[in-house]
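Here is the structure we will look at, set down as C-alpha cells.
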Amino acid sequence: MKPDTASLLLAWYDQNRRVLPWRALPGQTPDPYGVWLSEIMLQQTVVATVIPYYQRFLAAYPTVHDLAQAPLNEVLQLWAGLGYYARARNLHACAQKVSKIGFFPSDVNELLELPGIGAYTSRAIASIAFNQPFVPIDGNVERLIARLRGIEDPLPASRALLHQEASKLNNSAIAQERPSDFAQALFDLGATICTPRNPSCLLCPCQTNCEAFKAGNAKDLPKRSPKPQRPTRYGVVFRVINPNGDILLRTRPPQGLLGGTDELPGTPWREKPWTEKEALEFAPITKNWQKLGEIKHIFTHFILILTVYEMTSNLYDIRDIKCFDSSFKPPKASALSSAMKKCIILAQG
DNA sequence: ATCCGGTATG
DNA sequence: CATACCGGAT
C-alpha cells in the first residue's frame, strides 16, 4: 500500500520548509498577529512582494494594538503600491475590533466575522496560528488537488468538486496531529514544486500519489473555461507640481475603485476619448496647459487610458488654482496607485 | 497583452 | 450567485 499523501508532504516539509518572516521556526509558537497580517497581505499577492511590506508594517506596528491606534491615512500610505486597497481599510478595522476584544479569536466562526477575513483566511489563521485541523483552500490548493486527483473538468465549474476533495486532504492521523505544518506544507509545495506553469514533478514528494503525474498532464491542470474581453475608458488628468515638489492631488472616495488613494485632478473616465476643450472644463485653472502624453493602465474589467497635461509656466500663482477638492501634498505623504504613479513619472515628473 | 485570485457587495 | 477590486508574473 502506498504511503499517505499527507505523510509524504509533511516529511518533505520537515526538510524543505521555507523560512519566512511571519513563520514560526520549528518548535516555536506562531504569533497570530503576524499570521493574520501576512495572510491579508498574501491575498492576491506573492511572497516576494509581501516581505518588505510585512517588515515595514511590523516595524511601524509591533502589535495589533499599535495598528489599531494608527490613523487610517498612515496605514494606507504604508500599504500604497500593494494593491487591493480595501484590504488595508479592512486590516485597520479588523485591528480595532481585535484590539477591543483584547486578543485574536481562535474560533473559525469568530474569525469569519472580522473585516477582511473570509472562508480562506479564517481557516488559514485557525490552522497556522492555532493548530486546528482545517485545510485553507486557495488557488494553490485547488491546483494541487486538481493534479493529485487528475480532475480535468475546467474551473470555475469544477470548484465545488475541488473543494470537496481538498477538505479531505488532512483526513489522515498524521495530518490531524500537525494542522499548522500541514497547511503551510501545502503552500510551500504549491509555491516551489507544484507551480502553475512548469511543475517540478520529478522533485515532488507526492509524485507516486499524483494522477496528473501518472498521466503526464500536470502542467495542463487545472483547466479553465475561456473568458470575455475588456472595454477601454478614457480620462484626462492635470499635473501641477509646486516649487517644493508638492503635487496637486485629491483623495478618491473611500469605497470603490482605488478607494482612498490619491489622484491627480481631472475628468471622469468614460468610453469616449475627451477633446481638449471638454477636458479643460475639469482643469484646476483655466489656461497654460500642455499635453505631456498618455499612460495606459489595465484593470480586470477595463483598460484605462489617461492623457496627462502639465502647466507650461513655472511662474503660476497658487492662488489662481481654484480647486475645491484638491490640495498640494508631498508625494511621500500621499497614497498613489500605480496608475497615478505612471502619470506623475511620465516625462520625468 | 493576458492570466490570476480572496473578500465584499449587490 | 456574479462582479469589482489590483499589481505582478509570464
Side-chain angles (χ1 to χ4, degrees), chain A residues 35-53 76 79-94 97 108 111-128 134-146 154-160 162-163 166 183 186-187 190-192 194-199 219-233 252-263 269 295-306 335-342 345:
Chain A
V35 171
W36 162 74
L37 179 58
S38 68
E39 285 299 336
I40 301 300
M41 289 181 166
L42 288 165
Q43 290 166 5
Q44 325 298 330
T45 312
V46 296
V47 167
T49 304
V50 164
I51 287 175
Y53 282 88
L76 276 166
W79 193 275
L82 203 48
Y84 288 97
Y85 299 95
R87 291 187 297 171
R89 297 191 296 272
N90 287 329
L91 185 85
H92 190 244
C94 183
K97 282 197 167 189
V108 253
L111 287 165
L112 210 39
E113 300 292 311
L114 295 168
I117 298 184
Y120 163 76
T121 307
S122 60
R123 287 162 173 244
I125 296 171
S127 59
I128 296 172
F134 293 99
V135 180
I137 304 172
D138 66 354
N140 288 299
V141 175
E142 288 178 353
R143 183 172 67 250
L144 299 189
I145 204 75
L155 280 165
S158 61
R159 181 154 287 130
L162 293 173
H163 283 225
L186 286 171
F187 301 154
T192 63
C194 199
T195 53
R197 317 275 172 147
N198 293 104
K219 70 173 178 12
D220 303 319
L221 296 183
K223 294 188 172 165
R224 293 169 192 284
S225 301
K227 49 177 59 172
Q229 259 269 18
R230 270 184 285 252
T232 301
R233 293 194 201 161
R252 295 178 63 90
Q255 313 298 331
L257 185 73
L258 302 173
T261 62
D262 294 320
E263 66 177 5
W269 302 342
I295 68 101
K296 188 194 310 198
H297 191 76
I298 308 205
F299 290 96
T300 321
H301 51 300
F302 65 95
I303 295 170
L304 177 65
I305 294 179
L306 291 177
L336 296 164
S337 64
S338 293
M340 284 303 147
K341 282 181 184 161
K342 287 181 197 171
I345 292 165

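Proteins get letters first, then strands, A, B, ... in listed order; numbering begins at 1 in each. Everything numeric here is computed off the predicted structure, so don't read it as measured data.
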Separation of B:dA8 atom P from A:Leu114 atom CG, nearest Å, is 10 Å
A:Tyr53 OH to C:dG8 C1', in whole Å, measures 11 Å
Atom CD of A:Glu142 and atom P of B:dC4 are separated, to the nearest Å, by 12 Å
Exercise. State, with a plain yes or no, whether a side-chain heavy atom of A:Tyr85 is found less than 4.5 Å away from one of A:Trp79.
Key: yes
The nucleotide from B:dG5, B:dT7, C:dA9 with an atom nearest the side chain of A:Val46 is C:dA9
note: A:Arg123, atom CZ; B:dG6, atom C1'; distance rounded to Å ~ 14 Å
Could you check whether A:Ala119 gets within reach of a base, just the sugar-phosphate, or nothing at all, counting any heavy atom under 4.0 Å? sugar-phosphate
(message) With a cut-off of less than 4.0 Å, is there a side-chain N or O of A:Gln43 near OP1 or OP2 of B:dT7?
(response) yes
Check: OP1 or OP2 of B:dT7 less than 4.0 angstrom from a side-chain nitrogen or oxygen of A:Thr121, does that happen here?
Finding: yes
Assign A:Pro196 to base, sugar-phosphate, or nothing according to its heavy-atom contacts below 4.0 angstrom with the strands shown.
-> nothing
Among the nucleotides B:dT7, B:dG5, C:dC6, whichever has the atom closest to the side chain of A:Leu257 is C:dC6
From the list A:Ile40, A:Leu91, A:Asn90, side chain to side chain contact (heavy atoms under 4.5 Å, CB included) with A:Pro115 holds only for A:Asn90
(message) Students often get this wrong, so: under 4.0 angstrom with heavy atoms, is A:Leu258 touching a base, only sugar-phosphate, or nothing?
(response) sugar-phosphate
The reported gap from CG in A:Leu144 to CG in A:Leu221 (rounded to nearest 0.5 angstrom) is 12.0 Å
message = Using only modelled atom types and a 3.5 angstrom limit, is any donor from either the side chain of A:Tyr84 or the base of B:dG5 paired with an acceptor on the other?
response = yes
note: A:Ile51, atom CD1; C:dG8, atom P; distance rounded to Å ~ 14 Å
Considering only heavy side-chain atoms of A:Arg224, the closest of C:dC6, B:dC4, B:dG6 is B:dC4
- prompt: For A:Ile117, which contact category applies under a 4.0 Å heavy-atom criterion: base, sugar-phosphate, or nothing?
  reply: sugar-phosphate
Taken to the nearest whole Å, CD/A:Glu39 to P/B:dG5 is 16 Å
Taken in chain and number order and not counting sequence neighbours, the residues that satisfy side chain to side chain contact (heavy atoms under 4.5 Å, CB included) with A:Ala126 are A:Val108, A:Leu111, A:Gln132, A:Phe134
Sorted by position of nearest nucleotide on DNA chain B, 5' first, the leading residue of A:Asn90 and A:Thr45 is A:Thr45
Item to complete: Please step through side chain to side chain donor-acceptor pair (under 3.5 Å) for the pair A:Tyr120 and A:Glu39, ending with a clear verdict.
Response: CA-CA 9 Å; A:Tyr120 163 76; A:Glu39 285 299 336; 2.9 Å; yes
Separation of B:dG6 atom P from A:Leu112 atom CG, nearest Å, is 15 Å
Rounded to whole Å, the CZ-C1' distance (A:Arg197 to B:dG5) equals 13 Å
